Structure formats: C-alpha cells, structure tokens
Amino acid sequence: MSAEITVTVNGHPRTVPAGIRVREALDAAAGRDVIAARVNGKLVDMNRTLDADATLEPVAADSPDGLDIIRHSTAHLMAQAVQSLYPGTQVTIGPTIEDGFFYDFAPPRPFTVDDLPKIEQKMRELAKADLKVERVEVPRAEAAETFARMGERYKVEIIDGIPEERVSIYRQGDWMDLCRGPHVPSTRYIRAFKLTGVAGAYWRGDERNAMLSRIYGTAFATKEALEEHLKLIELARTRDHRKLGRELDLFLFDPISPGSPFFLPKGAIIYNELIDYMRRLYRRYGFDEVITPQVFRNDLWRTSGHWDNFRDNMFLTTDQEGDGRIDASPDGWRHGYAFKPMNCPGHTFVYRAEKRSYRDLPLRIADFGRLHRAERSGALHGLTRVRTMAQDDAHVFCAPEQVAAEIDLNLKMVRDVYEALGFERLESKLATMPEKHLGTVELWRETAAALGQALDRNGLPWVENPGEGAFYGPKIEIYVPDALKRKWQLATIQLDYNMPERFDLTYTSNAGVESRPVMIHRAILGSLERFIGVLLEHTGGVLPFWLAPEQARVLSLSEKVEAYAAEIAATLKAKGFRVHADLRNEKLGFKVREAELAKVPYMIVVGEREAATREVSLRLRGARNETMPFERLISLLGDERVPS
RNA sequence: GCCGAUGUAGCUCAAAGGUAGAGCAACUGACUUGUAAUCAGUAGGUUGCGAGUUCGAUUCUCGCCAUCGGCUCCA
C-alpha cells in the first residue's frame, strides 16, 4: 500500500495520505449539512478511513440518500431511548420506509401511544448529548456471542442469517446495535423527528411468530421540512374517502353488516356511471356481458379448487359441509351452498353452454356480479377493503396461441381507462406462485414469464411480487396509491391453465382436434368499491362532470324568479342531466356555499336580470362566474356528458 | 384473526361516580336575498351492547360488537 492516494471529490483529484478519514478527504466539500459520502458509488460514514484511490461525493442531509441515513439513525436513537426507558426490551429490526422509519421491539408489555412523548423526550436528550456514532467490524461469531450475552435473541437470529464472516456494529454512548450503516457522525445531526404511531407486527412478518411492538416515526433534515410533512399528512386526511363518503352522502357503513357499504343514491350514481363507462368499452373491445347466480352448490367450489384453497374467505349458507344435494335433515335442501367470492367458476358454465370450436374464440365474458368474501375483521378498510363487492370482471377463453394478443388487448384497456380517469402513475407487479396453488411448477414458471413479456411489450415497468399469485395462476397487478400513499391493487390480469382443466373445457381446433382453452381472468377498475374509494381520494371528491352525482344546481335569488329557475332545472333534467333546483328562501351566498361544499360542478344562478333576458349566470365550482344565454349553457353541458 | 387505541344527538366534539352540553344539520317562524354561513325559536341522547363493583355507573372492572392505526391476508 502506498503512503499516498488520490481522492477525486466532485471531479477534482487531490493527493492525500493513505488512511485519511472521509471527512478530511472531502475537505471543503464537507459542509455543515454533509452527513456521509458516496465513495466509489457506495454510501459510507464520515469517520471511515480510505486506503486506496477513491471517488467521493458528499451526501447532504436533505438529499434522498441523506434523509434515508438520518431516518435510519433516528430509528437507532429511538431504540437507544426505548432500551434505556424500558429495561428488558429486546430490539429486532428498524428499517427506513417511505417518509420515515420504524423499529420493532420485544418489550415486556406492548407500547401504547402514551409512551411516545416520553420516548421522544429521551431521544431529544440523547441527541443533545452529541454522542459520537462509531462503527466497528467484528467476526460474526463474536457479534453473535456479544448479543447473546446481552439477551438479544432476535439479533442473534439475524446474525445467524448473515453470510459474511465479518459484521459491523454501531455504537453511540453505551448503546450498540448490529447494523450495516451508514449513519450520521453523531447524534446531534438528528434534529427534526416525530414518533407517529404504535402497532403490532409479527416477527419476520409471519403470523405464526411472536407479535412484536412496532413504533413508527419520521425524521427530516430540518424542523421546517418536518412541519411541512406533518401538515401534508393532515391535509391528506381531509381526502379520506370514508370522510368524503359521509360528507357527500355517497355511502354508509353499519355494524349490521361489517365491511359492506350501503351505496346511497348519490354514491350509486357514481357506481352505475362507472359500469356504464365499462359497458361502452366492452362494446368497443368485444366483450359480452352475462348475469350469473349468487349462490352455488359446494360441488362447484370443490371442482374449482376454491373449497380447498379459498374456503376460509367464503360465506357458506350453513355450517354443513354438504354438496348441495338433499340430505335427511328437515332443512337438508339448504345445506352445502356458498356465496360466490369470484365469478370464474360460474363462467365456465357459460362457456359450456355450447359445444365450442376455435371459431368461438376468443370468448370474452364480462360480469358485474356481486361477490362476497369473508375477510378477516382486522383487514376491513372503508371501500378499499370490503366483504361484498362487484368487480368489472371478465374471463377470456382463448386458444393458447391467442394468449399474448388477449393480454395485450386488456393491458391496452387498462391504459385507456386509467388515462381517461386521470391516474398518471401506475405501478405494476407480477405475482408468482403462492404456497397454495394448482398445477405444476413448470407451468407456473412459463405462464409467469408470458405475463412478464406482455408487460415489457406494453412498456409497463414492473417488479416481481413473489408468492402472491392467485391459487390458479400468476397475476399482473396494477397498483394506485390513496391520499396517504398507501397502495391499493386495482386492475389485475391473471393467466389460468388450471380452471379449464378442472372443468374439462374443450374446443374443436381447426384441425378437428379437441383442445383445451386458456382462461384469462381480468378486471380493469378492480372492484367498483375499491376503485371509487381510491378515485375519491385522488380527486378529493371533486369528480369529473360525467361522474358527479349532481352535475348542476340552479340557485334562485328570490321567490320572484322561482318559476324561471324551476323551468331551467326541468329543461336540463329532460335532457338527461342530473340537476337540482335550490329554490329555498336563503341568501345567494348561503346557497353557493352549500353547492361548493357538495362539490357540484356547475352552479346556475338566476335572478331577475337573467329571467328578463333568458340568460343564466354560470359559476364553475371554485371559479368566476359568467353570464350567458341559457341555450349556450345547454350545449356547454352536453360537451361534458361522457369522458373524453 | 393478532397488537394498540377509540366508541357521548344525523355530523364534529365537550363534560362528569349523583341519569349529559355546544356548534352544524333537522323542524318552525321572521327576513326577499347577487356568487363560500341572516336572525330567533323548537325538537333531538337507555352515553355501542351485556355483565360485575357500588347506596348509586354514562364514568371504574371484565366480556362482546364495531371503528381507527398497523401486522397478516387481499380486488
């Protein structure tokens, strides 16, 4: 090793002694807000030493890398505070997540929100103490021994899973943690943080394991950035679809049927408009709609595989495990039925309505049937996780050689719909074979590969979602975030070679050979319920004209113009618009305010001036008003009747 | 299902071991109104449900149900 090395900082080479610390190597570039460095592309601590030529870039506290380091260090600080306040608490893992971090603990008793202020206070003390954060490397066995002596069983388990022979440990004051790093140079660099919540979480995410106690928090480079983030979250809460649903009279929930929305008249309009929209697309894309039963004999579910793979999520008509045939008991005829959780098995009977040939394929069968799923109580969440729903479901029965084209067709539909509805960023995943599955491993590998190629062909970037496929086949999943950035799966395209086999579906090929069709399961909106939930959060309840439950409201200024206002409302209603007249004995300001809060797109104000000239004063939601002839208003509204 | 929290009028929230109060909404009346709240009055609650402790529970304890934040699971 030579005594001198060359470091290149921000493109400027410099000769320095070997063994120099990163901080000194950065020299002038090491400003007050620099907390780490990228050395040859890898993030390292300021206190690491350099023994060979290297390229360095400073990492500022407010850069994405810097924030990640700060949050990770804040998680450590929190763990230190927790262990000093609650002796006997073991640490487990504490990663950074989007906008923050968490740390999972195994405490003598679970934490509650009341513990958080105390922990925050301790963290502030530790930060102020300016404890140096030091990195040491030790052999793996030694680390395991150290943590075992400390009674940290979880850390030992983590160390046992690390393949490297040496592991790094970070110390700050009298506290230490196994960690890859890097971290801030000292605790004083942690100045803007907040603990945001507590939650239970299973060790390693497996419900068979112990329940740990998780504390969530967030941290930023400055107090201002933290404040701004907290304010944004507050704002996002006002877009919660559950709140909007109540405020806008769209739907309600009642313990009488948990997880099952009652769509009120206004909510039902949105629901039905979305269905109408999909029906128009179906005509364009060649789908035929069917209507199928709600309840089926268990025989169906046994054949489809739902009985073995999905029964825990199904509502059964009785607790008898019968097959739907009459048994000896007085109510025997009712036994052995279940509500459908999916449409697919029923659709095989539509396929089998006729002897099929290659000329019938692809056969595209759509169904808005209501589904029921016995979701676990803790999983329910407004409209986005319900026990009864309708999907814009369809099953494509096609020949194997038609699969690629059919997937492309449906991906194109996905792009059409989400573009029309204003969703710009879609995230795609490819879900592969789950533990509970039908069919062979090779078949799963092939079909998953086909879906991956389809995503590539259609220019949709994707990541794998291992083990998350449906039990009958791999899935393309399209995710859209809600107001709080929680991601929900909406569209899905699933490839299925198993269901046709189980129901022995066939078609006659053009060579006259009995052949097996392939089934593609797909939904574009996903479920109407979840889609409406996410749509409300995206728009804050400000829906496009064609979806707005109330499209226009006529506001009369006084009793003198009641007749004219009523006439306008009646004319627009006759033309098919959803219009109401507000003829109440109230001031205009009051009526405008109510219409604004109800998020009515068009407010049509009429007073004596307008009545005299057969005009209207149009106020667009949240915008200025303009006076125009009534006739012009009619054509204006007509232009917005359907989505572009 | 699991961990933690919450549950008071239609909605948003107060109060309190001696059977509850406000604002908005609803209803009635006055005001006849020009682009985000006119005024006055009336009515509305077995304090989620069920037990227990207590002279007395809506308040304390336990169980159940639901909801909220997560975990698990999923469209």
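Note that the structure is a prediction, hence the values are computed from the model and not measured. Order of the sequence lines fixes the chain letters, A, B, ..., with proteins taken first and strands second; residue numbering starts at 1 for each chain.
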When you check the phosphate oxygens OP1 and OP2 of B:C3, does a side-chain N or O of A:S213 lie under 4.0 Å from one of them?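 False: A:S213 side-chain N/O out of range (4.0 Å or more) of B:C3 OP1/OP2.
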Under 4.0 Å between a side-chain N/O of A:R246 and OP1 or OP2 of B:U12, yes or no?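 Answer is yes, contact under 4.0 Å.
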Go through the structure and list residues passing side-chain contact (heavy atoms from CB on, under 4.5 Å) with A:A236, not counting sequence neighbours.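 With sequence neighbours excluded, A:A236 shows a side-chain contact (heavy atoms from CB on, under 4.5 Å) to A:A483, A:L484, given in chain and number order.
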Separation of B:U67 P from A:H241 NE2 (nearest whole Å):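 The answer, rounded to whole Å, is 12 Å.
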Distance in angstrom units between A:F590 CZ and B:G34 P, rounded: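 Checked: the CZ to P distance equals 15 Å.
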Determine which nucleotide pairs with [N], using a 3.5 Å limit on both distances of a Watson-Crick or G-U wobble pair.
N     : result
B:G45 : none
B:G17 : none
B:C60 : B:G52
B:G23 : B:C11
B:A40 : B:U28
B:U67 : B:A5

Hydrogens and angles aside, do A:E468 and A:Q489 bring a side-chain donor and acceptor to less than 3.5 Å of each other?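 Per modelled atom types, A:E468 and A:Q489 side chains form no pair under 3.5 Å.
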A:N343 and A:Q391: side-chain donor and acceptor closer than 3.5 Å?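 A:Q391 and A:N343 do not have a side-chain donor-acceptor pair below 3.5 Å.
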If you measure from the [atom1] atom in [N] to the same atom in [M], how many Å do you get, rounded?
N     : M     : atom1 : value
B:U58 : B:G50 : P     : 10 Å
B:A16 : B:G63 : P     : 26 Å
B:U54 : B:C68 : P     : 38 Å
B:U8  : B:G45 : C1'   : 8 Å
B:U67 : B:C11 : P     : 15 Å
B:G1  : B:C74 : C1'   : 14 Å

Report, as yes or no, whether the 6.0 Å neighbourhood of atom CZ on A:R109 holds more than 12 heavy atoms from other residues, nucleotides or ligands.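 Yes.
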Under 4.0 Å between a side-chain nitrogen and a carboxylate oxygen: does that hold for A:R373 and A:E375?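 Between A:E375 and A:R373 there is no salt bridge, as every charged N stays at least 4.0 Å from the carboxylate O atoms.
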Salt bridge or not for A:R237 and A:E234, using N-O below 4.0 Å?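 The answer is yes: the pair qualifies as a salt bridge.
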Please report the shortest heavy-atom distance between A:F105 and A:T92, naming the atom on each side.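 For A:F105 and A:T92, the tightest heavy-atom pair comes out as N-OG1, 4.3 Å.
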Minimum-distance pair of heavy atoms, taken over all atoms of A:L490 and A:Y418: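 Closest approach of A:L490 to A:Y418: CB-OH, 3.2 Å.
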Reading nucleotides 68-75 of chain B from 5' to 3' and marking B where a protein heavy atom lies under 4.0 Å of the base, S where only the sugar-phosphate is that close, and - otherwise, the string is SBBBBBBB
At what distance, to the nearest 0.5 angstrom, does CG of A:L212 lie from CZ of A:F111?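 The distance works out to 11.0 Å.
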Atom pair OG1/CZ of A:T627 and A:R619 - distance to nearest 0.5 Å: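 Those atoms lie 13.0 Å apart.
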Output a table of nitrogen or oxygen pairs between the protein and nucleotides 7-10 of chain B separated by less than 3.5 Å.
none

